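What follows is a short report on a single structure.
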Protein chains: 2
Amino acid sequence: MAYISSMTKQVVTIEYCPKCGWLLRAAYIAQELLTTFQEELGGVLLKPAEISGRFTVSVGGQEVFDRKREGRFPETKEIKQLVRDIACPDKSLGHSDKP
Amino acid sequence: MAYISSMTKQVVTIEYCPKCGWLLRAAYIAQELLTTFQEELGGVLLKPAEISGRFTVSVGGQEVFDRKREGRFPETKEIKQLVRDIACPDKSLGHSDKP
């Protein structure tokens with residue numbers, strides 16, 4: 001895998017509705033991502049949403065998951081694949097790459 | 001307390017050394033801050049440091065705690081006071097305001 005300099009590392013933003021109690025879920029996903037992509041990500045931003053019921057994940061400003069659109073929360077494996085595809089497409093996710 | 005619009009809300013950055021295993025500590029502090037300052041913060045960025053042994057907390061780009069300088073990790077109460085002083089100086093922290 002090519003070296004990813006800090007200049008080009010993507011930041012993942014998890015925007016969650018605090019009134020719905022989704023901080024813990026957002027923080028869990030953040031820790032999963034920062035464990036898997038320790039070298040590849042510039043960071044994960046936990047952002048309280050001002051719109052009720054919002055739960056979205058963006059990579060470098062590009063939204064990759066929206067709970068409202070999908071009608072469900074994302075699975076961890078799915079979010080890792082979506083982040084990987086943008087932040088470090090060459091990285092293998094091991095067993096998280098099986099469908 | 002005056003209304004803080006999303007335009008002026010501060011982002012807290014917690015930069016941690018992933019090789020030292022400090023992700024969990026950083027994520028814990030992030031959740032404490034986002035619980036206490038649910039309305040006042042624009043978000044908390046968890047940022048893996050590229051410098052070994054680094055653990056710093058910044059509010060809106062202004063560093064308020066550096067583990068190397070202090071020779072210790074911050075206490076939760078202390079970080080809340082430091083964040084409050086910049087992000088929302090009028091907010092009372094209740095029992096976390098006692099010395």
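Lettering follows sequence order; numbering is per chain, from 1. In this text the structure is predicted, and so the values were computed from the model without any measurement.
- When heavy atoms are compared at a cutoff of 4.5 Å, I14(A) does not approach chain B at all.
- Contact of V12(A) with chain B is not made at all, since no heavy-atom distance falls under 4.5 Å.
- In terms of heavy atoms, E63(A) sits closest to T56(A) at OE1-CG2, 3.7 Å.
- I86(A) and V57(A) end up in the same hydrophobic cluster when Ile, Leu, Val, Met, Phe, Trp and Tyr side chains are linked at under 4.5 Å.
- By the criterion of side-chain heavy atoms lying less than 4.5 angstrom apart, applied directly or through intervening Ile, Leu, Val, Met, Phe, Trp or Tyr residues, V11(A) is not grouped with L33(B); the two fall into different hydrophobic clusters.
- For the set E15(A), Q38(A), K19(A), the count of heavy-atom pairs under 4.5 angstrom toward chain B peaks at Q38(A).
- In terms of hydrophobic clustering, with Ile, Leu, Val, Met, Phe, Trp and Tyr side chains grouped at heavy-atom distances under 4.5 Å, L45(A) and F55(A) are assigned to different clusters.
- Across every non-hydrogen atom of A87(A) and L41(A), the tightest pair is CB-CD2, 3.9 Å.
- Both the backbone and the side chain of T35(A) come within contact range of chain B, judged by heavy atoms closer than 4.5 Å.
- Proximity to chain B is limited to the side chain of Y16(A), based on heavy atoms less than 4.5 angstrom apart.
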